[in-house]
J.: 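Structure incoming, see below.
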Amino acid sequence: MNTVYQPKSIEPKWQKLWEEAHAFEAKSDFSLPKYYCLIEFPYPSGAGLHVGHPRSNTAMDIIARKRRMEGYNVLYPIGWDAFGLPTENYAIANHVAPAKVTRENIDHFRRQLKLLGFSFDYSREVNTTDPNYYKWTQWIFLKLYENGLAYKAEMPINWCPSCKCGLANEEVVNGLCERCGSEVIRKVKNQWMLRITAYAHSLLNGLDSLDFIERVKLQQRNWIGRSEGAEICFDIASTNEKMRVFTTRADTLFGATYMVVSPEHPLIGRLSDRIKNMDELVAYAKEASRKSDFERTELTKEKTGVEIKGIRAINPATAKEIPVWVSDYVLMSYGTGAIMAVPAHDGRDWEFAKKYDLPIVEVVAGGDVQQEAYTDVSTGTIVNSGFMTGMTVEEAKQAMLDKLVEKGLGESKVNYKLRDWVFSRQRYWGEPIPIIHCEQCGPVPLKQEDLPLLLPSVEKYEPTDSGESPLAAIEDWVNVTCPACGGPGKRETDTMPQWAGSSWYFLRYCDPHNQEQFASKEVLDYWMPVDWYNGGMEHTTLHLLYSRFWHLFLHDLGYVSAPEPYLKRTSHGMILGENGEKMSKSRGNVINPDDLVGEIGADAFRMYEMFMGAFDQAIPWSMNGARGCKRFLDRVWRLQGMLDNKCPTITKDMLHPIHTAIKKVSEDFESMKFNTAIAAMMTLVNTFYDKGSVTKGEMRLLLLMLSPVAPHMCEEIWQIQSYGEPIYLQKWPKHEDRYLVLQQVEIAVQINGKVRGRLMVDSSLTTDEANDLLSQNETVRALTEGKQIVKVVFVPGRLLNIVVK
RNA sequence: GCCGCAGUGGUGGAAUGGCAGACACGAUGGACUCAAAAUCCAUUGCCUUCAAAAGCGUGCUGGUUCAAGUCCAGUCUGCGGCACCA
């Protein structure tokens, strides 16, 4: 008889047995009910597994293991998001091939994950850097291209001078490069773009029907930034030119006392003959374009601008001529690149008008517009506005819009903040973009049979100062014949961003070895959509949004049946160091998973990660807390010493504690309240210890409940005590309602809401019977002695509150 | 500036409007031991008190209610997201 719990020998044993039995491989029997659990596939960095990875992995492992026990055919896959800059930078620094580094890192990661006993289906591993995989990433890109959703454009992009690489908007954090922290500058480059804006509407509306945690929905909604308003046409006086503006406040049109256009606005060029201060405007535009986004945001306090001399616009409501200004606070990339300025009711316009002494005309009463802009839309009344005077803001918005439509001067309009996705990277370690540039034909896509376009081996991976990818230096790779006309062509040398491979990996898991298609429709129809996806909040406006976009697109082409890829999305909190700071090598507060498995074992490690606190919150690590979980598993193990191995039933007085625990654990696992689920099991074990014995039937239920959290130890005890077939083949226990209610319960007796006594009563006690206690029960009578009873409140099973004077 | 989330013991955290502090960590005392580790038992929100018993207590100020950590109004602090988006 094993008297000491030894995870070191138990854990490898079961990991081997599970692997040999193919225990966790998803079955290809499509008649079974399916469940698809997904975690974000890791980036196999050289640093190895972080304690943050197991948080998400264990949570979904618990769900996956529970689902299997509930009879589902479960897909819980794993793979490697292996393209990316850190690997490339490591390769450059150490003069090794990125492919080799990647291979080693993956092997290291896989070994570390296997130590933790996750029930991944390793037979379906995908690797984004495998040509058999990125062939299909390139194929999807070509589909986007064929459908006009991938295009090349000359435009200012976010450029990281340190990474020597363009970045997507989503990769710029506070004006700094998300990867290296360098200040991002604006650089005009010819870039591949994906038209994600074409899906702004679907990406927004799709959210409504999805079971995503609210903060994910909210963050995506804010990022997409839908805004409803009107586009209004202003005439330019004494010309045939018109200028359109977008506004959400059509009700304030009478108060528009000037206009502002962005420095890049095309009107300036078109009217250059009439403009008297062209030199000044050109100089201003040049200055503005030099500013990085960081500088532009830093300078928010003080607005700058130049009046366009020689042209005036006409306010369509007042028919008055108003000046037109240029300022870089108006962005060319949003709306029409021009605004009507209503200084009385917009903070920015107000600030600008004060600085340049422009007229401020109040059109919504309620504030003092000489002191500050009055922007409240809920209480003000329209004034100084002709036919709209006296209306509320909402009424006036509609009235003005109707008037504009009638006169052909405007229309209702929806704008989104979402921008198209910069898809080019001037780096080596990414998927080559399968396009050939031909002087005759322009960009020509590769034919499907020519995919994958392999990433060639190069001598040097260093990015170039010219802003071209290292691929540009390989002449015999770059110079090819045009597939369309046979003339000379050059390959595209930019590569795709890391987000490309991760935008569809969950589809490949369904059919990972398919050589003919990215995945067959039949298989996709069975497995998709993903039933439950857990991942980090940091991906909300990156991977999560991008992959929804690709999936919506593939749905439109008919390759996948459902529009949305993920039915449910949850998110885990970060694990911080013991000092409450973010874990990092430089802070010296990193916990190494391998060391931890060596000290307390994988089961205790898994359990602690689930027990340490609320799953969705950031929590500091506590080594003592982790040891506490090991101590609990020791206690469970030692229950074998008091086990009545002959008794298959449950002792009468244990029915209530056990069924309560089953209910609590089952429900809490589903709502990811793992900490309270584990607490319930600890309470149950404490009850066994208090009683001094446990029957085989009682132990059986405990092991079944605990097995998703601590699978190795539970399987071991299960085997030692001869329960039969392994736990992973067993059924998940169900509670029975009739055991949840106790015969007798202790209730609190309150006087004016303060607890003054306790009483054991029948749990079926009615309100009438409770009222009888007032005269019949000694305790209650003593408490109310000499007092006038005003009111009695009885809450069954809880308390009796007597209100007295 | 706007949007969201969170403030509960020494610590991590529990509490369908119904006995605040479950469960764990840590601490203190004790048992076992030559000793230590492990284990077991007891105590552990604050305060007054020999004790019995009472009072106070979920960031702060009010309100609703028989009853508020929970609901409402205001306010402070911390965290996260967005940010010249018209």
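Throughout, protein chains are lettered first and strands after them, A, B, ... in sequence-line order, and every chain is numbered starting at 1.
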J.: Indicate whether OP1 or OP2 belonging to B/A24 is found under 4.0 Å from a side-chain N or O atom of A/N686.
T.: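 Yes, because at least one side-chain N or O of A/N686 sits under 4.0 Å from OP1 or OP2 of B/A24.
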J.: Please determine whether a side-chain nitrogen or oxygen atom of A/K754 lies at a distance below 4.0 Å from atom OP1 or OP2 of B/C56.
T.: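 Looking at the OP1 and OP2 atoms of B/C56, one of them is under 4.0 Å from a side-chain N or O of A/K754.
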J.: Would one find a side-chain N or O of A/R631 under 4.0 angstrom from OP1 or OP2 of B/A38?
T.: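 For A/R631, the contact criterion (side-chain N or O under 4.0 Å from OP1 or OP2 of B/A38) is not met.
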J.: Want to settle it: does A/G613 or A/E228 sit nearer the 5' end of RNA chain B, counting the closest nucleotide to each?
T.: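 Its nucleotide being nearer the 5' end, the pick is A/G613.
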J.: Under a 3.5 Å cut-off for both distances, is B/C46 Watson-Crick or wobble paired, and to whom?
T.: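 Partner of B/C46: B/G55.
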J.: Whether A/S227 contacts B/A86 is assessed here as follows: a side-chain N or O lying under 4.0 Å from the phosphate OP1 or OP2. Is that the case?
T.: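 Yes, within the criterion.
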J.: Test A/H539 against A/E40 for side-chain hydrogen bond (donor to acceptor under 3.5 Å, both in side chains), laying out the working first.
T.: CA-CA 10 Å; A/H539 290 132; A/E40 285 164 352; 3.0 Å; yes
J.: Is it true that the side chains of A/S227 and A/N415 contain a donor and an acceptor less than 3.5 Å apart?
T.: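 Not at all, the side chains of A/S227 and A/N415 share no donor-acceptor pair under 3.5 Å.
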J.: Tell me whether A/E746 at atom CD has more than 12 heavy atoms from other residues, nucleotides or ligands lying less than 6.0 Å away.
T.: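 Counting other residues, nucleotides and ligands, CD of A/E746 exceeds 12 neighbours.
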J.: Base, sugar-phosphate alone, or nothing: which one does A/N675 contact when heavy atoms must sit under 4.0 Å apart?
T.: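 The residue A/N675 makes sugar-phosphate contact but no base contact.
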J.: Counting the atoms with a prime plus P, OP1 and OP2 as sugar-phosphate, which does A/V793 contact under 4.0 Å by heavy atoms, base, sugar-phosphate, or nothing?
T.: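 A/V793: base contact, heavy atoms under 4.0 Å.
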J.: Is any NZ, NE, NH1 or NH2 atom of the basic residue among A/E599 and A/R627 found under 4.0 Å from an Asp or Glu carboxylate oxygen of the other?
T.: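 Here A/E599 pairs with A/R627 in a salt bridge, since their nearest N and O are under 4.0 Å apart.
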J.: Phosphate oxygens OP1/OP2 of B/C40: is one of them under 4.0 Å from a side-chain N or O of A/R638?
T.: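 Looking at the OP1 and OP2 atoms of B/C40, one of them is under 4.0 Å from a side-chain N or O of A/R638.
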J.: Rounded off to whole Å, could you give me the CG-to-C1' distance for the A/D349 and B/C84 pair?
T.: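 After rounding, the reported distance stands at 10 Å.
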J.: May I ask which nucleotide in the shown strands pairs with B/G7, Watson-Crick or G-U wobble, both distances under 3.5 Å?
T.: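 Base-paired to B/C76.
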J.: State the syn/anti category of B/G29 according to its glycosidic angle, syn meaning within 90° of 0.
T.: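 The base of B/G29 is oriented anti (glycosidic angle more than 90° from 0).
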J.: Do A/N624 and B/C25 have a side chain to base donor-acceptor pair shorter than 3.5 Å?
T.: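 No such pair is found, so the answer is no.
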J.: Just checking A/Q744: does its CD atom have more than 12 heavy atoms from other residues, nucleotides or ligands closer to it than 6.0 angstrom?
T.: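 Yes, the 6.0 Å shell around CD holds more than 12 heavy atoms from other groups.
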J.: Strictly below 4.0 Å: does A/K303 bring a side-chain N or O up to OP1 or OP2 of B/A86?
T.: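 No.
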J.: Report the base-pairing partner of B/C82 (Watson-Crick or G-U wobble, both distances below 3.5 angstrom), or none.
T.: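 B/C82 is paired, partner B/G1.
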J.: Should we say atom NZ of A/K217 is surrounded by more than 12 heavy atoms from elsewhere, each under 6.0 Å from it?
T.: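 Atom NZ in A/K217 is crowded, with more than 12 foreign heavy atoms closer than 6.0 Å.
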J.: Tell me what A/F611 touches on the nucleic acid: a base, only sugar-phosphate, or nothing, going by heavy atoms under 4.0 Å.
T.: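 It contacts base atoms.
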J.: Both distances under 3.5 Å, Watson-Crick or G-U wobble: report the partner of B/G18, or none.
T.: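 When the pairing criteria are applied, B/C66 turns out to be the nucleotide that pairs with B/G18.
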J.: If I take atom NZ in residue A/K217 and atom P in nucleotide B/G80, what distance separates them, rounded to the nearest angstrom?
T.: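 After rounding, the reported distance stands at 25 Å.
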J.: Are A/K413 and A/E411 within salt-bridge range, i.e. N to O under 4.0 Å?
T.: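 No, no charged N to carboxylate O under 4.0 Å.
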J.: Need one value for A/R635: base, sugar-phosphate or nothing, where a base atom within 4.0 Å counts as base even if backbone is also close, heavy atoms only.
T.: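 It contacts sugar-phosphate atoms only.
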J.: Any strand counts, and the cut-off is 3.5 Å on both contacts for Watson-Crick or G-U wobble. Which nucleotide pairs with B/A31?
T.: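 The answer is B/U39, by the H-bond criterion.
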J.: Closest nucleotide of RNA chain B for A/A614 versus for A/M682: which of these residues is on the 5' side?
T.: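 Residue closer to the 5' terminus by nearest nucleotide: A/A614.
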J.: Between B/C23, B/C3, B/U16, spot the one nearest the side chain of A/R798, thanks.
T.: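 That would be B/U16.
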J.: Rounded to whole Å, please give me the gap between CD in A/E578 and P in B/G26.
T.: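 Whole-Å distance recorded here is 12 Å.
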J.: If I take atom CG in residue A/L218 and atom C1' in nucleotide B/C2, what distance separates them, rounded to the nearest angstrom?
T.: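 It is 12 Å, rounded to the nearest whole Å.
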J.: Contact class for A/G225 (heavy atom, under 4.0 Å): base, sugar-phosphate, or nothing?
T.: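 No contact at all - A/G225 keeps every heavy atom at 4.0 Å or more from the nucleic acid.
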J.: Tell me the interatomic distance from A/E538, atom CD, to B/G80, atom C1', rounded to whole angstroms.
T.: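 Between C1' of B/G80 and CD of A/E538: 12 Å.
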J.: B/A54 P sits how many Å from A/R756 CZ, rounded?
T.: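 The distance from CZ of A/R756 to P of B/A54 comes to 6 Å, rounded to the nearest Å.
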